[in-house]
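Read through the structure below, which is laid out as structure tokens, and then see the notes.
Atoms considered below: every heavy atom in the structure, side chains included; atoms not considered: hydrogens, waters and symmetry mates. So that the names make sense, note that chain A is the first sequence line, chain B the second, and so on, each numbered from 1.
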Amino acid sequence: MPELPEVETMVRGIRSHIEGRKLVAVERCPCKCRPLLLEPKLPAIRRRTLGQAVQSVTRRAKRVVIEMTGGDAFVIEPRMTGLVLLSDPPDVEHLRIVWRFEGVQAFNAVWFWDRRGLGTVRLLNSEELAALRDLGQLGRDALDMTADDWREVCQKTRRPIKVALLDQKLVAGIGNLYASEILHRAKISPFQPAEDLRPAELRRLATAVREVLEDAIRNEGSTLGDGTYRNALNESGSYQNAHRVYARHDERCPTCQRETILRTVQAQRSTFYCPNCQQQRMIR
DNA sequence: ATTAATGTTCAGAA
DNA sequence: TTTCTGAACATTAA
């Protein structure tokens with residue numbers, strides 16, 4: 001599930017503990033789970049990174065980027081159930097990869113844990129890292145978007161705005177959960193074609209994106225009912241308590257207190273919305 | 001036994 | 001060209 005706020009929480013959780021520290025080992029965990037998607041293979045990874053220090057820990061969309069002093073960077077993509085941990089994994093069976101650091105401090109390792117095993121870990125050279133950073137394969141980070149950026153992006157497609165928000169090539173970082181929350185906060189119908197959004201709606205969208213994502217980061221992300229998402233110390237996030245529509249179908253809308261939150265399906269993903277607060281306009 | 005779940009990526013069709 | 005659909009990845013819980 002990790003979306004932008006959860007991945008940002010992972011980055012903040014490990015950054016101060018590993019920046020500047022020397023990497024002494026990268027190991028596959030001795031678990032029975034299927035080999036995770038790891039590129040290149042371990043010997044090449046070790047040859048290129050062991051003995052180097054961590055230069056920086058940053059986020060690109062929904063990926064954790066650990067740049068080494070040699071110029072290569074680990075890119076961790078948690079996908080559905082991946083976690084980046086300093087300690088205390090939910091279970092030992094689904095640990096996948098461990099990075100060990102020199103010295104004696106509170107935390108000497110970072111673990112990648114992934115129950116479903118859809119996540120990936122890659123080592124990119126500086127050229128590939130630059131390509132990941134620029135727009136093209138991934139759009140601008142959702143937290144960097146201005147109202148003008150939103151106008152530009154929305155003009156590119158007639159797809160419903162909810163579906164467009166999930167297209168990482170348009171805007172990077174928003175996933176299914178936050179898309180519903182953002183549109184409810186912005187009072188925009190999930191069915192409204194992106195191209196048809198008016199200037200006032202684009203401004204509300206820009207504001208809502210910032211407010212929802214920043215609030216979610218402050219709350220260390222959303223831990224849903226299945227309890228999978230955890231921060232670097234295996235603690236739950238708390239933003240799920242602030243959700244206004246996600247998975248709240250059949251409850252009364254907390255904003256208008258009049259209508260019931262509905263669930264529908266768009267692009268094979270659940271959408272939650274209030275039919276009163278988020279009415280679709282017929283024409284431009 | 002069937003269904004759905006937060007993400008990404010591909011092929012192929014409309 | 002754009003958009004949509006389904007499948008694939010693997011696991012768990014209802």
Side-chain angles (χ1 to χ4, degrees), chain A residues 1-10 29 31-39 59-64 75-84 89-96 112-122 132 136-139 142 153-183 190-196 212-213 216-217 219-231 236-243 245-250 263-272:
Chain A
M1 114 138 98
E3 302 181 24
L4 187 154
E6 288 77 21
V7 177
E8 180 65 25
T9 302
M10 294 175 185
C29 297
C31 64
K32 298 185 288 289
C33 49
R34 106 182 151 103
L36 92 172
L37 181 46
L38 180 67
E39 285 177 359
R59 179 182 58 77
R60 171 70 172 119
K62 303 176 190 175
R63 297 155 201 207
V64 177
V75 176
I76 304 169
E77 201 175 344
R79 302 255 179 127
M80 294 290 266
T81 54
L83 297 180
V84 173
D91 65 49
V92 174
E93 289 77 52
H94 298 100
L95 285 171
R96 309 276 174 166
F112 180 61
W113 180 96
D114 189 358
R115 176 154 50 76
R116 283 173 69 175
L118 305 181
T120 66
V121 176
R122 294 171 207 268
L132 177 71
Q137 37 181 309
L138 281 175
V153 157
C154 287
Q155 275 171 356
K156 289 182 179 174
T157 181
R158 282 186 290 277
R159 283 177 291 167
I161 183 63
K162 161 67 172 15
V163 178
L165 287 180
L166 298 181
D167 185 342
Q168 303 298 302
K169 292 193 212 50
L170 288 177
V171 180
I174 298 171
N176 200 43
L177 189 164
Y178 291 103
S180 284
E181 292 297 324
I182 285 164
L183 290 177
F191 307 109
Q192 198 77 50
E195 197 188 43
D196 293 347
V212 168
L213 296 181
I217 291 169
N219 284 274
E220 301 201 76
S222 302
T223 298
L224 299 179
D226 71 354
T228 296
Y229 170 71
R230 295 280 198 266
N231 69 14
S236 296
S238 57
Y239 192 70
Q240 65 279 3
N241 302 317
H243 291 175
V245 290
Y246 185 81
R248 294 199 184 280
H249 49 304
D250 303 331
R263 173 188 179 274
T264 188
V265 174
Q266 295 178 285
Q268 294 137 281
R269 321 289 301 278
S270 291
T271 296
F272 301 90

Residues A:Arg230, A:Ser236; criterion side chain to side chain donor-acceptor pair (under 3.5 Å); working and verdict: CA-CA 5 Å; A:Arg230 295 280 198 266; A:Ser236 296; 3.2 Å; yes
A:Arg63 CZ to B:dG7 C1', straight-line distance once rounded to whole Å: 10 Å
Integer-rounded Å distance: B:dT6 P and A:Gln266 CD: 13 Å
Phosphate-side-chain proximity, A:His94 and C:dA10, N/O vs OP1/OP2 below 4.0 Å: no
B:dT6 phosphate, OP1 or OP2, under 4.0 Å from A:Tyr229 side-chain N/O: no
Spacing of A:Arg115 atom CZ relative to B:dA4 atom C1', expressed in whole Å: 13 Å
Full working for side chain to side chain contact (heavy atoms under 4.5 Å, CB included) between A:Tyr178 and A:Leu165: CA-CA 9 Å; A:Tyr178 291 103; A:Leu165 287 180; over 6 Å; no
Closest to side chain of A:Arg263, choosing from B:dT6, B:dA5, C:dC4: B:dA5
Exam field: side chain A:Gln266 to backbone A:Pro160, donor-acceptor pair closer than 3.5 Å: no
Euclidean distance, atom CG of residue A:Leu166 to atom P of B:dT8 [Å, nearest integer]: 9 Å
Below 4.0 Å: OP1/OP2 of B:dT6 and any side-chain N or O of A:Arg230: no
Length of the CG-C1' vector between A:Leu37 and C:dC9, whole Å: 10 Å
Which nucleotide in B:dT8, C:dA10, B:dG7 has an atom nearest any side-chain atom of A:Arg116: C:dA10
P atoms of B:dT3 and C:dG6, separation to the nearest Å: 14 Å
Of the listed nucleotides C:dT3, B:dT9, B:dT6, the one nearest the side chain of A:Asn176: B:dT6
Shortest non-hydrogen separation from A:His249 to A:Phe272 and the atoms involved: ND1-CE2, 3.3 Å
Sugar-phosphate, base or nothing in reach of A:Ser222, heavy atoms under 4.0 Å: nothing
Partner nucleotide, any strand, of C:dA10 [Watson-Crick/G-U, under 3.5 Å]: none
B:dA5 OP1/OP2 closer than 4.0 Å to side-chain N/O of A:Arg269: no
Nearest-Å distance for atom pair NZ/P, residues A:Lys62 and B:dT6: 11 Å
P gap between C:dT5 and B:dA4, integer Å: 16 Å
Option from A:Glu39, A:Arg63, A:Arg60 for which side-chain contact (heavy atoms from CB on, under 4.5 Å) with A:Val75 holds: A:Arg63
For B:dA13, the Watson-Crick or wobble counterpart (both distances under 3.5 Å): C:dT3
Sugar-phosphate, base or nothing in reach of A:Thr120, heavy atoms under 4.0 Å: nothing
Value in whole Å for how far the P atom of C:dT1 lies from CZ of A:Arg158: 14 Å
Sugar-phosphate only, base, or nothing, as touched by A:Gln268 at under 4.0 Å among non-hydrogen atoms: base
Closest-nucleotide 5' rank along DNA chain C - winner of A:Asp91 and A:Thr157: A:Thr157
Atom-pair distance (NE2 on A:His243; P on B:dT6), nearest Å: 12 Å
A:Ser270 side-chain N/O to B:dA5 phosphate OP1/OP2 under 4.0 Å: yes
side-chain N/O A:Thr228 vs C:dT12 OP1/OP2, d < 4.0 Å: no
A:Thr81 side chain to A:Arg116 backbone, donor-acceptor under 3.5 Å: yes
